[in-house]
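Encoded as structure tokens, the structure appears first; notes follow it.
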There are 2 protein chains.
Amino acid sequence: MATIYDVARLAGVSPATVSRVFNGTTVTPQNERVVKEAAAELDFVPNRTARTLRLRSSDIIALVIPDIENPYFTALARGVEDEARAAGYSVVLCNTDDDMSRESGYLDVAVSEHMAGVIIAAASDRSDLSPLLDRNKAVVAVDRVPRGAAIDAVTVDNVAGGRAATTLLVERGYRRIACIAGPADVETSTRRIAGWSAALEAAGLPEDPTLLEHADYRVDGGYAALERLLAHDERPDAVFVANNLMSVGALRALRDAGIHPPAVGIASFGALPFSTSAPTGVSTVSLPARELGSAAARILLERIAGDRQEPRTVVLEAVPVV
Amino acid sequence: MATIYDVARLAGVSPATVSRVFNGTTVTPQNERVVKEAAAELDFVPNRTARTLRLRSSDIIALVIPDIENPYFTALARGVEDEARAAGYSVVLCNTDDDMSRESGYLDVAVSEHMAGVIIAAASDRSDLSPLLDRNKAVVAVDRVPRGAAIDAVTVDNVAGGRAATTLLVERGYRRIACIAGPADVETSTRRIAGWSAALEAAGLPEDPTLLEHADYRVDGGYAALERLLAHDERPDAVFVANNLMSVGALRALRDAGIHPPAVGIASFGALPFSTSAPTGVSTVSLPARELGSAAARILLERIAGDRQEPRTVVLEAVPVV
DNA sequence: CTGAAAGCGCTTACAG
DNA sequence: CTGAAAGCGCTTACAG
């Protein structure tokens with residue numbers, strides 16, 4: 001591979017001048033031209049590794065997400081990407097599969113590759129961001145915020161959204177409303193449960209703790225959780241499901257049990273991905289996934305540019321779909 | 001950030017010895033211990049940028065895909081990831097959004113960052129892989145193969161799959177079967193069309209070229225294409241749709257037109273993502289997305305390890321779901 | 001097994 | 001505006 005030295009020799013200038021041409025600093029138009037010609041001739045691609053080593057910073061942003069197969073996170077990724085690319089950064093996606101050790105491995109990669117910054121939807125409440133924070137790396141939490149981390153964050157209003165979704169069921173006349181929540185160690189789940197409770201209380205309905213099932217935010221988890229609820233002594237007449245994928249699983253479990261909404265009501269936190277029908281009996285609150293990503297990217301870009309103000313949290317609204 | 005020199009000083013050895021400890025070459029157990037203690041004490045993370053510059057190769061694999069919001073490609077990504085991680089590589093995802101200039105930018109990044117190899121589902125038949133091939137970078141094409149590139153490839157049998165899907169419609173009694181294909185410059189689309197033709201011919205059905213609609217492999221494209229077919233003078237009684245997302249769009253268009261399968265039959269190349277019902281009238285051929293990814297990764301890893309045999313193409317089967 | 005030293009390909013403060 | 005030179009943090013052939 002051609003280097004800056006090869007280009008310099010062919011163009012009859014010094015390597016410093018070649019470097020300056022590729023970094024937009026002051027060179028004569030004449031030199032700019034000969035350098036560009038020489039570079040084209042040699043098929044020169046600057047070695048970013050060397051540049052990064054020298055500058056101690058690359059123009060790559062890492063987006064760390066827990067589940068690449070969840071369309072919510074890929075939509076969020078699109079939001080990050082659109083914003084980052086417009087500012088000249090490349091985005092690489094790192095999928096942790098909800099595994100804190102994989103997550104920690106990717107954070108080390110981000111440090112070790114001198115990436116410009118990290119946007120992270122943490123695998124757990126207990127995710128440890130200190131490898132990043134200790135080194136003053138720009139970080140923005142999105143969707144989920146690890147406990148106790150004083151960092152910028154962009155989230156949705158999980159309590160209000162959970163409450164709104166549950167209220168849709170109340171308004172449609174359901175009275176015994178269960179909840180399929182996410183993992184106990186994920187902040188978003190805790191808050192969505194709080195929203196469910198608040199809605200029940202506001203409606204004067206009793207909250208039966210045996211109607212709360214925890215699952216894993218995945219399709220199969222939602223399926224199994226709904227089966228457990230169906231086997232309950234006093235079966236619920238409706239279920240608030242705390243994310244999109246578990247709602248898919250819950251609906252499949254209902255179908256396989258021969259039950260069709262609205263016989264049992266379902267309210268989903270997050271729109272059903274790629275749905276082709278509007279099943280009666282299924283209510284949703286819709287999440288601004290792409291906007292979460294673009295808002296997070298904008299904040300990260302400001303931090304990279306040197307912004308030093310206090311960390312802030314941006315909360316976006318979940319919108320009930322009627 | 002602590003460097004190898006800081007660790008060496010604290011441990012009372014040379015930087016070379018520290019390097020050897022982290023690269024698994026011969027050191028005394030005693031030295032190994034003091035170096036590891038010193039590294040832990042200093043919170044040392046090796047600088048991969050420097051390592052890559054020196055070795056001219058990193059342990060990162062790039063996976064370049066055209067649409068991160070298509071579950072088919074994210075499933076494929078999971079396959080790549082599982083295989084690559086088991087071999088000690090990290091995978092970063094690059095989303096081209098079907099744009100050849102974005103794709104070309106990412107290929108330059110892969111070269112310029114000295115990534116170990118690239119797995120690519122090309123944006124177009126005309127995608128130019130020469131930046132990679134000219135530099136002997138390990139490359140495997142997956143799902144789609146750019147024209148004329150003599151490289152390893154893992155694909156599905158698009159002709160047989162298209163034929164099988166169309167045949168499912170024939171067997172269910174449909175006689176005027178349209179096709180919603182992908183972009184004209186994408187190889188997979190051309191082949192799936194050929195499968196559609198072959199099935200019609202085998203069934204002795206006439207092929208009406210006005211029943212062939214091209215779209216963009218996206219939800220909205222499938223929606224619009226189905227609307228065009230419905231407006232056709234002699235409306236088709238069934239449609240073979242050449243990918244999963246366009247099938248979602250087509251089904252939504254049918255729903256919005258108040259038509260419910262099996263009034264119009266639909267056969268989808270690729271399972272409907274996250275479907276919650278098994279709509280009668282919708283047939284599918286199912287694609288081994290994850291296996292495509294893992295097979296591609298296995299071949300890439302062999303190439304990285306130095307395999308020099310002739311490029312080969314692995315073709316996996318699309319399986320009709322009855 | 002271990003260390004001194006060179007070199008991977010850039011960028012930039014400094015001097016001119 | 002331009003060039004010579006140092007240095008970013010590693011790895012490894014070489015000599016001991």
Side-chain angles (χ1 to χ4, degrees), chain A residues 1-36 38-39 42-60 88 108-116 135-137, chain B residues 1-36 38-39 42-60 88 108-116 135-137:
Chain A
M1 278 178 44
T3 73
I4 219 174
Y5 290 91
D6 304 318
V7 176
R9 198 174 317 118
L10 183 59
V13 299
S14 76
T17 297
V18 177
S19 172
R20 288 184 183 114
V21 167
F22 283 95
N23 289 290
T25 39
T26 43
V27 280
T28 57
Q30 153 75 356
N31 270 344
E32 176 164 358
R33 198 172 49 73
V34 294
V35 166
K36 286 196 168 161
L42 296 174
D43 208 11
F44 169 70
V45 177
N47 182 324
R48 289 174 177 238
T49 300
R51 179 173 216 273
T52 300
L53 176 61
R54 180 61 231 238
L55 296 184
R56 302 160 123 130
S57 173
S58 80
D59 50 7
I60 293 180
D108 280 348
V109 170
V111 167
S112 166
E113 299 275 355
H114 286 294
M115 291 188 183
R135 295 175 177 81
N136 292 312
K137 177 120 334 216
Chain B
M1 281 177 43
T3 73
I4 220 176
Y5 291 91
D6 303 319
V7 175
R9 198 174 315 120
L10 184 59
V13 298
S14 76
T17 297
V18 177
S19 172
R20 290 186 181 111
V21 168
F22 282 95
N23 289 289
T25 40
T26 44
V27 279
T28 57
Q30 154 74 358
N31 269 346
E32 177 164 357
R33 198 171 50 72
V34 294
V35 166
K36 285 196 165 159
L42 295 174
D43 208 9
F44 169 71
V45 177
N47 182 325
R48 288 174 176 240
T49 299
R51 179 171 215 273
T52 299
L53 177 60
R54 180 61 231 238
L55 296 184
R56 301 158 125 131
S57 173
S58 80
D59 52 5
I60 294 181
D108 280 348
V109 170
V111 167
S112 167
E113 298 275 354
H114 285 293
M115 293 188 183
R135 295 175 178 81
N136 291 312
K137 179 122 329 218

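In what follows, chains carry the letters A, B, and so on, assigned in the order in which the sequence lines appear, proteins first and then strands, with residues in each chain numbered from 1.
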Taking all non-hydrogen atoms of both residues, which atom of B:Leu53 and which atom of A:Leu53 are closest, and how far apart?
CD2-CD2, 3.4 Å

Is A:Ser58 reaching over with its side chain to a backbone N or O of A:Thr52, donor-acceptor style, under 3.5 angstrom?
no

Contact string for nucleotides 6-16 of chain C, one letter per nucleotide 5' to 3', B = base within protein heavy-atom range under 4.0 Å, S = sugar-phosphate only, - = neither, reads BBBBBBBB---

Which heavy atom in A:Met115 sits nearest to a heavy atom in A:Ile60, and how many Å separate them?
CB-O, 3.4 Å

If every non-hydrogen atom of B:His114 is compared with every non-hydrogen atom of A:Met1, which pair is closest and at what distance?
CE1-SD, 4.2 Å

Strictly distance-based, threshold 3.5 Å: is any side-chain N or O of B:Ser112 a donor or acceptor partner for the main-chain N or O of A:Pro46?
yes

Base partner of C:dC1, which must satisfy Watson-Crick or wobble distances under 3.5 Å:
D:dG16

